[in-house]
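Below: the structure, in structure tokens.
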There are 2 protein chains.
Amino acid sequence: MAIKNKTKYAILGVLCLKPCSGYDIKKFCDKTISHYWSENFGHIYPVLKQLQEEHFIQPSEDKASAKRNVFQITDEGKREFVEWLMLPPEIQSPRSELMLKLSFGNYIAIEHVIAMLGEVKDRNIRNLAYYRELEGSYLTNDAAKKDPAFPYWLAPLRHGILTSEVNIRWCEETVQNIKQYAPSNLEEDAYV
Amino acid sequence: MAIKNKTKYAILGVLCLKPCSGYDIKKFCDKTISHYWSENFGHIYPVLKQLQEEHFIQPSEDKASAKRNVFQITDEGKREFVEWLMLPPEIQSPRSELMLKLSFGNYIAIEHVIAMLGEVKDRNIRNLAYYRELEGSYLTNDAAKKDPAFPYWLAPLRHGILTSEVNIRWCEETVQNIKQYAPSNLEEDAYV
DNA sequence: ATATAATATATCAGAGTGATATATTTATTT
DNA sequence: AAATAAATATATCACTCTGATATATTATAT
């Protein structure tokens with residue numbers, strides 16, 4: 001196989017936590033891990049079928065759940081998932097549309113670039129506020145702190161916080177640099 | 001169209017800088033913008049064909065270049081590119097394999113997680129060193145500083161620097177948290 | 001009762017990845 | 001000068017993943 005199917009492992013992971021339907025899996029992703037992982041129906045359903053054929057998941061043994069198309073992970077599935085967990089994460093080929101656009105910033109009016117960076121900054125401010133709130137509720141929850149999974153749930157959240165903070169600083173710095181180094185590109189170099 | 005073809009715009013951008021063959025475009029991406037953008041042949045060649053049909057690019061007017069399958073951007077192509085540049089960058093659905101793995105860290109032995117974070121830290125240290133070197137050569141190059149594109153080339157580089165720094169700090173912090181909150185999950189909770 | 005929100009699944013075209021194969025030209029070594 | 005290696009160049013393939021759309025059923029609120 002050319003490229004690894006990551007959706008497969010994401011689904012196995014979610015099913016380690018609790019039996020789910022395809023719909024439940026999508027909901028879980030959107031609600032709980034959406035700031036670092038996304039899934040969509042177009043992939044979830046075919047992969048669920050494939051996982052069943054591979055005997056990594058099976059219809060829930062609970063009668064009511066089975067009727068609702070709920071799946072549970074098998075022992076084989078758990079083994080497969082844990083094996084994947086221990087492999088070093090693959091380096092992802094980057095594709096930042098923002099950076100690509102920005103690197104051609106001298107092709108458009110400076111106002112456009114500054115507005116763009118303003119929007120990015122605002123989005124990061126909103127994200128940061130949300131993360132900080134989540135962090136607060138985590139750190140004041142003694143039950144959560146005793147869960148052995150606690151530091152593993154905290155880690156992506158902390159990454160979100162630190163990343164948002166740095167993005168905000170970077171936006172400010174970049175606007176300053178643009179104003180300093182390219183104050184009058186409108187007349188000389190811009191296409192528009 | 002459901003999803004925007006970004007390769008199209010990346011190619012137009014590169015051809016704004018200089019006429020290129022598909023091979024040249026790939027080389028440029030790998031050499032110059034690889035820390036925030038990647039392209040591959042499997043997409044470049046069909047998109048080049050498509051761009052030609054849309055009259056956004058054409059075979060180079062230079063005889064030698066034309067023989068070498070070099071393309072140049074048309075005025076229409078420039079217009080198309082600049083129009084795209086001014087659109088707000090689309091929000092990308094995140095997929096961090098590292099974060100996904102980490103959030104299930106309590107399913108494997110703590111040593112594995114710590115080793116994984118060590119590798120991530122090392123990679124970020126290497127990247128940071130490379131970025132810093134590049135930054136140094138930029139900032140001491142007076143000709144480069146006078147180029148109106150200067151702040152736009154600096155921006156992605158600065159983002160790489162700030163992001164690497166924060167990732168290094170995050171790795172250290174996360175290892176500490178794991179040791180503090182889950183010092184003995186080997187016996188109690190790990191599958192392996 | 002009725003509207004509407006939540007649950008549930010299927011399907012599709014198209015974007016993007018990375019591996020592989022292959023042929024030609026140019027540079028380097030012997 | 002011949003042999004070899006490296007760079008240039010393109011095509012193709014199976015597969016992953018995205019996001020839109022369509023559609024039907026079951027809870028829940030008014």
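In what follows, chains carry the letters A, B, and so on, assigned in the order in which the sequence lines appear, proteins first and then strands, with residues in each chain numbered from 1.
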Measuring to OP1 and OP2 of D:dT8, would you say a side-chain N or O of B:Y23 lies under 4.0 angstrom away?
yes

May I ask you to check whether B:E97 and A:Y9 show a side-chain donor-acceptor distance below 3.5 Å?
no

Rounded to whole Å, how long is the line connecting atom CD1 of B:I44 with atom C1' of D:dT10?
11 Å

Got A:I73 and A:F56 here, is their nearest side-chain heavy-atom distance under 4.5 Å?
no

Determine, for B:D24 against B:R68, whether the closest basic-nitrogen to carboxylate-oxygen distance falls under 4.0 angstrom.
yes

Earlier contact from the 5' end, DNA chain D, for B:D24 and B:E90
B:D24

Could you give the NE2-to-C1' distance, from B:H43 to D:dA14, as a whole number of Å?
15 Å

Can you tell me the distance, in whole Å, between the CH2 atom of B:W37 and the P atom of C:dG16?
7 Å

Under a 4.0 Å N-O cut-off, is there an ion pair linking A:D122 with A:R126?
no

Between A:Q92 and B:Q50, name the one whose nearest nucleotide on DNA chain C is closer to the 5' end.
B:Q50

Does B:K4 put a side-chain nitrogen or oxygen below 4.0 Å from OP1 or OP2 of C:dA15?
no

When all nucleic acid strands are considered with a 4.0 Å heavy-atom cut-off, which category describes A:G22: base, sugar-phosphate, or nothing?
sugar-phosphate

Closest-nucleotide 5' rank along DNA chain D - winner of B:S21 and A:F41
B:S21

OP1 or OP2 of C:dT9 sitting under 4.0 Å from any side-chain N/O of A:Y45?
yes

Just compare C:dA10, C:dA8, C:dA15 and give me whichever is closest to any side-chain atom of B:N5.
C:dA15

Expressed in angstrom and rounded to an integer, what is the separation of B:L48 atom CG from C:dA15 atom P?
15 Å

Mind calculating the distance between CZ (A:R68) and C1' (D:dT26) to the nearest angstrom?
12 Å

Salt bridge (charged side-chain N to carboxylate O under 4.0 Å, His left out) partners for B:R95, two or more places apart:
A:E39

Should A:N40 be listed as having a side-chain N or O under 4.0 Å from OP1 or OP2 of D:dT18?
yes

If you fit an axis to the five pairs at each end of the helix from C:dA1-D:dT30 to C:dT30-D:dA1, how big is the angle between those two axes, to 10 degrees?
30°

Whole-Å gap separating P (D:dT8) and NZ (B:K31):
10 Å

Can you measure B:K6 atom NZ to C:dG16 atom C1' for me and round it to whole angstrom units?
11 Å

Using the test salt bridge (charged side-chain N to carboxylate O under 4.0 Å, His left out), find all partners of B:R158 that sit at least two apart in sequence or belong to another chain.
A:E173, B:E135

Tell me whether A:K101 forms a cation-pi arrangement with B:W84, defined as NZ or CZ under 6.0 Å from the six-membered ring centre and within 45 degrees of its axis.
yes

Which of these nucleotides, C:dA8, D:dA11, C:dT17, is closest to any side-chain atom of B:S38?
C:dT17

Could you give the NZ-to-P distance, from B:K26 to D:dA9, as a whole number of Å?
15 Å

Is the phosphate of D:dG19 approached by B:S93 (side-chain N or O, under 4.0 Å from OP1 or OP2)?
yes

Answer whether the closest heavy-atom distance between the side chains of B:P151 and A:Q180 falls below 4.5 Å.
no

